[in-house]
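Comments concern the structure below.
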Amino acid sequence: MARYNPKETEPKWRQAWADADAFRAEIDPARPKYYVLEMFPYPSGRLHMGHVRNYALGDVIARFKRARGFSVLHPMGWDAFGLPAENAAMERGVDPRAWTYDNIDRMRAELKQLGLAIDWSREFATCDVEYYGQQQALFLELFDRGLVYRREATVNWDPVDQTVLANEQVVDGRGWRSGAVVEKRKLNQWFFRITDYADQLVDDLATLDRWPDKVRLMQENWIGRSKGLRFTFPFDEPPFAEFAHGIEVYTTRPDTLYGASFVGIAPDHPLADLVAQSDPKAAAFIEKCRHGAVSEAEIETQEKEGYATGLFVTHPFDPDWKLEVWIANFILMDYGAGAIFACPAHDQRDLDFARKYALPVLPVVLPPGEDPATFDVEDEAYVGPGAIYNSGFLDGLDIETAKERAIERVEAQGQGHGATVFRLRDWGVARQRGWGCPVPVVHCEADGVVPLPRSALPVELPKDLEFGKPGNALARHPTWKHTTCPTCGGPATRETDTLDTFVDSSWYFARFTDPTAAEPIDRAAADYWMAVDQYIGGIEHAVLHLLYARFMTKALADAGRLSVREPFAGLFTQGMVTHETYRRQNGDWLEPAQIELTVEGKTRRAKLAETGEPVVIGDVEKMSKSKRNTVAPEEIFDVYGVDAARLFVLSDSPPERDVQWTSGGVQGAWRFVNRVWDEFDSQPPGDVGAAVGPVAGDEAAQGLRVASHKLVKAMTEAIETFRFNSGIARLYEFLNLLKAHPAKGASEGVLVARQEALSAFARLIAPFTPHLAEECWARVGGQGMVVDAPWPAFDPALTADAERILPVQVNGKRRGEITAPAGADAAEVEKIVLDDPEIARRLEGLTIRKVIVVKDRIVNIVAA
RNA sequence: GCGGGCGUGGCGGAAUUGGCAGACGCGCCGGACUCAAAAUCCGGUUCCGAAAGGAGUGUCGGUUCGACCCCGACCGCCCGCACCA
């Protein structure tokens with residue numbers, strides 16, 4: 001058997017594709033367009049199996065759509081700014097720019113080895129000044145449109161690394177890299193007004209019907225829109241001039257206003273501050289809250305505590321009803337109004353608090369079936385549906401109607417209004433880092449914050465930044481920040497903050513449509529290519545990147561730069577690549593390559609290959625350096641070739657689920673590659689174009705032909721529905737069928753059917769194993785290259801069986817099968833069934849009560 | 001705590017969405033080839049049973065002629081959010 005040699009064939013075909021410029025994306029109004037994009041990589045320097053899977057997935061789509069006649073855009077770039085480069089600089093004394101571009105060179109070579117159908121002419125890195133200069137232009141446009149602002153904000157400050165950290169970079173109250181306890185600091189920060197788009201960002205989720213429900217739900221929860229009532233409780237005698245009008249609160253349950261027990265304010269509420277000025281006990285309580293829990297685990301278990309201020313406000317529906325004002329540790333200043341009215345009977349937090357301080361608990365929602373005279377709330381607040389009672393003008397209403405009436409009444413009284421509140425906050429985009437996109441503004445003593453004119457762009461990073469120590473290399477550069485004010489010409493200082501790297505990735509997909517345009521986005525190119533038809537990446541970006549990109553797209557659409565309002569029409573979130581973990585008895589992690597596995601019965605054992613020392617087989621986990629359970633792609637490519645590696649990561653699990661890397665699995669894929677090649681190699685040379693000769697009367701040949709047409713149909717559907725693993729299983733199945741109809745000694749008809757089947761097969765495997773496909777295609781005399789060949793068609797007349805084999809059940813248990821014409825009606829089928837001797841034997845001594853026939857599917861006889 | 005998802009052979013997973021459970025691959029067992037091993041090829045492989053047959057999709061119950069699929073309760077695992085009023 002001729003062994004397939006990927007080391008020879010794979011580079012050969014990659015060169016052929018490159019020579020033919022096969023994957024250049026062209027605007028072609030005559031063809032439908034398809035934009036497929038995988039989330040672009042951070043240039044860490046090394047390709048890992050996760051990349052292989054991500055890009056192989058996208059490549060299947062790109063190649064498939066291309067074969068289906070689409071004009072395909074499938075680009076690649078680099079998310080190249082960010083902390084790792086600065087850390088490398090600090091640890092190894094290298095220049096972040098050189099480090100990053102070196103990594104890009106290395107990873108580009110590895111990615112190209114994967115044989116991806118990518119238009120490399122569109123490649124760019126976000127750290128290219130040609131890119132971030134355009135980003136600065138977009139920043140200024142957003143600034144002009146009032147979507148950028150600067151304010152003082154509390155931030156997570158890492159005192160060792162001397163930078164602001166994003167919330168997700170704070171782990172249990174400590175900086176993820178330095179391990180230092182993170183401080184809350186007030187800093188002037190740049191913000192994008194993403195909250196302006198909060199409503200749209202929620203509403204438009206409904207249009208994203210090719211997104212996973214899970215991601216849409218996560219975004220919806222993250223944005224956290226709630227509708228309610230914002231209103232003011234007046235003081236009888238205002239204690240402070242600042243609160244002459246009263247206390248503003250926010251509630252989503254205005255229907256429960258008659259169940260009010262007290263009014264609560266956050267410990268950092270301005271009113272609490274005023275109270276504390278003349279009340280040392282209040283000051284002490286507030287101080288205590290400030291030093292309270294930081295970590296999530298602590299917050300969860302923290303007891304509710306409060307301090308009664310001695311101040312009283314008036315209930316909006318009853319001037320004689322006075323409610324005391326408490327400072328409470330469970331109220332958040334930065335949500336709603338930072339103050340609430342408490343209804344303990346119907347809110348668990350309020351109830352916990354009320355029980356602790358012996359405050360009134362007044363039920364006002366009566367659960368269905370409960371008696372108003374006896375219903376009471378003990379330790380569990382009632383939050384279900386019911387009828388309002390004990391509530392004056394709201395009595396008898398359902399909850400939703402009561403909410404409306406209560407809001408109407410409060411509005412009529414001029415005390416407040418219905419309001420929508422979001423959990424989403426504005427996007428803090430400033431980072432005190434040197435390796436990022438500079439914010440294009442200057443600070444002038446006379447004119448304040450001054451945005452630069454377009455002519456001053458790009459604001460380029462200096463080449464000689466010094467990254468040897470923590471902190472912002474840009475801020476400490478001796479000369480860079482000194483400049484003149486574009487307004488008054490006087491001395492000014494450049495902004496030394498750079499933009500969050502999520503800004504870089506919030507519009508790169510639009511830049512790919514014309515990466516060399518003089519404008520940030522070429523409108524015509526974007527109008528042709530956008531939106532991305534299929535976006536592919538990890539679930540970890542479910543909110544952050546995917547939300548930011550949606551916001552930016554809407555903002556750019558409003559700025560007249562894009563026509564679409566959503567960037568990604570289809571989203572697919574793929575699973576991770578995992579591997580078993582191995583540990584020595586002492587707990588040290590071991591690499592898969594050091595392990596020898598044995599099987600005893602059903603038990604798998606592992607030992608250290610070198611010494612025979614027993615090894616503990618641990619959980620299957622995401623490949624990671626720290627657990628040493630990684631497998632280097634280049635080593636796999638070297639042994640089995642790229643196609644086998646691609647095939648395996650696509651074949652073993654559904655794409656949305658994690659795939660477990662196993663050496664046995666990739667060997668199975670390698671075996672398939674060889675078996676495929678062997679099959680093509682055994683076929684006598686023929687002409688694909690002529691391979692539609694008659695096979696009539698040759699049952700074996702006809703069977704093979706029918707199977708091959710069914711395969712084409714199944715593969716087409718499998719790819720369109722992202723069920724690649726099932727599709728690949730069909731390829732394996734069909735290969736086994738080909739093996740059962742070998743070319744050697746085959747009839748004329750079988751040879752013709754084989755030729756036709758092989759022609760289709762070469763094209764069907766092309767999205768998964770493109771190099772092998774070309775080699776096979778050439779072997780059976782295919783015209784040109786597979787990349788230029790159309791997707792095979794199937795004949796519906798052949799895929800629809802004339803006869804069906806129907807299983808026959810008696811009382812739900814399978815007792816035999818019959819053959820019936822396709823589409824046969826119940827009476828016809830029943831006759832065949834009852835004539836069947838095997839079925840008759842099974843029915844001996846039984847009385848038939850009913851015969852159920854499901855057309856073309858199954859027969860069930862109910863008998864007793 | 002709230003929200004979402006998932007439980008199928010020794011393992012990864014199939015099952016046309018209410019119609020033959022276990023496709024395909026891995027592993028394992030047996031055989032062929034070989035002096036031998038590897039590779040390759042052929043066959044077997046849910047469990048119990050010699051067979052006939054029976055049981056079986058986390059557990060218990062329900063709907064149905066028929067349930068991995070739908071409903072209810074429970075158990076277990078995973079993910080997201082986390083005092084959001």
Side-chain angles (χ1 to χ4, degrees), chain A residues 1 3 212-215 217-218 220-222 224-226 228-229 249-253 256 264 266 293 296-297 299-300 302 304 328-332 334-343 346-350 352-353 383 421-424 539-540 542-543 578 580 597 599-604 620 647-648 651-654 657-669 671-672 674-675 678 714 717 723 725-736 739 805-817 849-863:
Chain A
M1 174 178 172
R3 202 155 167 90
D213 291 341
K214 182 185 171 69
V215 175
L217 191 66
M218 280 168 74
E220 195 177 331
N221 291 339
W222 183 266
R225 176 164 69 186
S226 70
L229 170 66
V249 301
Y250 174 74
T251 181
T252 54
R253 292 298 302 272
T256 64
E296 288 172 4
I299 288 170
E300 190 184 349
Q302 182 171 280
K304 308 233 172 326
N329 67 344
F330 68 94
I331 298 167
L332 305 172
D334 58 356
Y335 182 79
I340 61 156
F341 90 84
C343 175
H346 305 293
D347 182 289
Q348 193 59 46
R349 293 156 305 177
D350 297 349
D352 294 344
F353 192 88
V383 295
V421 162
F422 297 91
R423 203 188 80 107
L424 182 71
I539 186 78
E540 68 272 17
V543 268
T578 63
E580 251 178 0
L597 292 164
V599 179
E600 289 167 33
K602 287 176 178 177
T603 312
R604 297 171 66 244
V620 175
L647 184 66
F648 174 61
S651 69
D652 215 41
S653 288
R657 239 185 276 180
D658 289 352
V659 63
Q660 185 184 344
W661 184 273
T662 61
S663 61
V666 73
Q667 280 167 37
R671 215 167 286 148
F672 175 79
N674 277 289
R675 280 158 52 89
D678 183 54
E717 287 166 8
R723 293 200 311 245
N725 57 324
S726 296
I728 292 167
R730 298 298 298 267
L731 292 173
Y732 277 74
E733 210 173 12
F734 189 76
L735 182 63
N736 290 337
K739 294 274 176 201
I805 294 168
L806 304 185
V808 179
Q809 299 179 335
V810 176
N811 292 329
K813 289 198 197 313
R814 187 181 196 280
R815 294 304 185 198
E817 62 183 35
R849 299 239 187 272
K850 199 175 178 186
V851 179
I852 291 134
V853 178
V854 182
K855 189 178 276 188
D856 292 342
R857 280 279 163 82
I858 199 166
V859 182
N860 191 14
I861 301 168
V862 186

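Below, read A as the first sequence line, B as the second, and so on, with proteins coming before strands; counting in each chain starts at 1. Computed from a prediction, not measured in an experiment: that's the story for all the values here.
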Residues forming a salt bridge (Lys or Arg N to Asp or Glu O under 4.0 Å) with A:Arg657, sequence neighbours excluded:
none
Taking Watson-Crick (N1-N3 plus N6-O4 or O6-N4) and G-U wobble (N1-O2, O6-N3), each under 3.5 Å, can you produce the dot-bracket string of RNA chain B? Use [ ] for crossing pairs and | for inter-strand ones.
(((((((..(((......[....)))((((((.......))))))(((....)))..(((((..]....))))))))))))....
C1' atom, B:C2 versus B:C11: distance in rounded Å?
35 Å
Send over the distance from A:Asn674 CG to B:U40 P, rounded to a whole Å.
8 Å
For atom OH of A:Tyr335 and atom P of B:A82, their distance in whole Å:
13 Å
Among the nucleotides B:A82, B:C83, B:A85, which one has an atom lying closest to any side-chain atom of A:Arg423?
B:A82
Got a salt bridge between A:Glu580 and A:Arg604, using NZ or NE/NH1/NH2 to carboxylate O under 4.0 Å?
yes
When you compare B:G62 with B:U57, how far apart are their P atoms, in angstrom units rounded to a whole number?
15 Å
How long is the straight-line distance from CG of A:Leu806 back to CD1 of A:Ile858, given to the nearest 0.5 Å?
8.5 Å
Please work out if A:Ile861 contacts a base, only the sugar-phosphate, or nothing of the nucleic acid, heavy-atom cut-off 4.0 Å.
nothing
So do A:Ile331 and A:Arg349 actually touch side chain to side chain, heavy atoms under 4.5 Å?
no
Could you give the distance separating B:G22 and B:G7 at their C1' atoms, to the nearest angstrom?
16 Å
Please state the C1' separation for the pair B:G54 and B:G58 - nearest whole angstrom.
22 Å
Using the salt bridge (Lys or Arg N to Asp or Glu O under 4.0 Å) criterion, which residues pair with A:Asp658? Sequence neighbours excluded.
none
Between atom CG in A:Asp658 and atom P in B:C79, what is the gap in whole Å?
10 Å
Identify all pairs in which a protein N or O lies below 3.5 Å from an N or O of nucleotides 67-70 of chain B, and state each distance.
none

NZ of A:Lys304 to CG of A:Asp352, rounded to nearest 0.5 Å, is 5.5 Å
For A:Phe330, enumerate each residue passing the ring-ring contact (aromatic ring centres under 6.0 Å, His included) test, keeping only those at least two apart in sequence or located in another chain.
A:Phe353
For A:Asp856, salt bridge (Lys or Arg N to Asp or Glu O under 4.0 Å) partners two or more places apart:
none
Taking the six-membered ring for Trp, are A:Phe648 and A:Trp661 parallel (under 30°), tilted (30 to 60°) or perpendicular (over 60°)?
perpendicular
Which nucleotide sits closest to the side chain of A:Ser653: B:C83, B:G12, B:G27?
B:G12
Starting the side chain at C-beta, find the nucleotide from B:G80, B:G13, B:A85 nearest to A:Met218.
B:G80
All ring-ring contact (aromatic ring centres under 6.0 Å, His included) counterparts of A:Phe422, not counting sequence neighbours:
none
Quick one: side-chain contact (heavy atoms from CB on, under 4.5 Å) partners of A:Lys850, sequence neighbours excluded?
A:Ile852, A:Val862
Whole-Å C1' distance, B:A55 and B:G9:
14 Å
Say you pick atom P in B:U59 and the same atom in B:C41; how far apart are they, in whole Å?
38 Å
Does B:G49 count as syn, meaning its glycosidic angle lies within 90° of 0, or as anti?
anti
Do any N or O atoms of the protein come closer than 3.5 Å to N or O atoms of nucleotides 2-11 of chain B, and which pairs are they?
none

Go through the N and O atoms of the side chain of A:Lys739 and the base of B:C41, and report whether any donor-acceptor pair is under 3.5 Å.
no
Map A:Val659 and A:Trp222 onto RNA chain B by nearest heavy atom, then report which one ends up closer to the 5' terminus.
A:Val659
For A:Arg814, what residues pass the side-chain hydrogen bond (donor to acceptor under 3.5 Å, both in side chains) criterion, not counting sequence neighbours?
A:Glu817
Using a 4.0 Å heavy-atom cut-off to protein, can you give one letter per nucleotide of nucleotides 17-26 of chain B, 5' to 3': B if the base is in contact, S if only the sugar-phosphate is, - if neither?
--BB--BSSS
Restricting to nitrogen or oxygen on both sides, can you table the protein-nucleotides 53-55 of chain B pairs closer than 3.5 Å?
| residue | atom | partner | partner atom | Å |
| --- | --- | --- | --- | --- |
| B:G53 | OP1 | A:Arg842 | NH2 | 3.0 |
| B:G54 | OP1 | A:Arg815 | NH2 | 3.3 |
| B:G54 | OP2 | A:Arg815 | NH1 | 3.4 |

What interatomic distance, in whole Å, is found between P of B:A23 and the corresponding atom of B:U8?
16 Å
If I take atom CG in residue A:Leu731 and atom P in nucleotide B:A14, what distance separates them, rounded to the nearest angstrom?
16 Å
Should B:U46 be called syn or anti, with syn set as within 90° of 0?
anti
For the pair made of CG in A:Leu424 and C1' in B:C81, what is the distance, rounded to whole Å?
14 Å
Roughly how far apart, to the nearest Å, are B:C60 and B:A67 at atom C1'?
16 Å
To the nearest angstrom, how far is A:Glu220 atom CD from B:C84 atom C1'?
15 Å
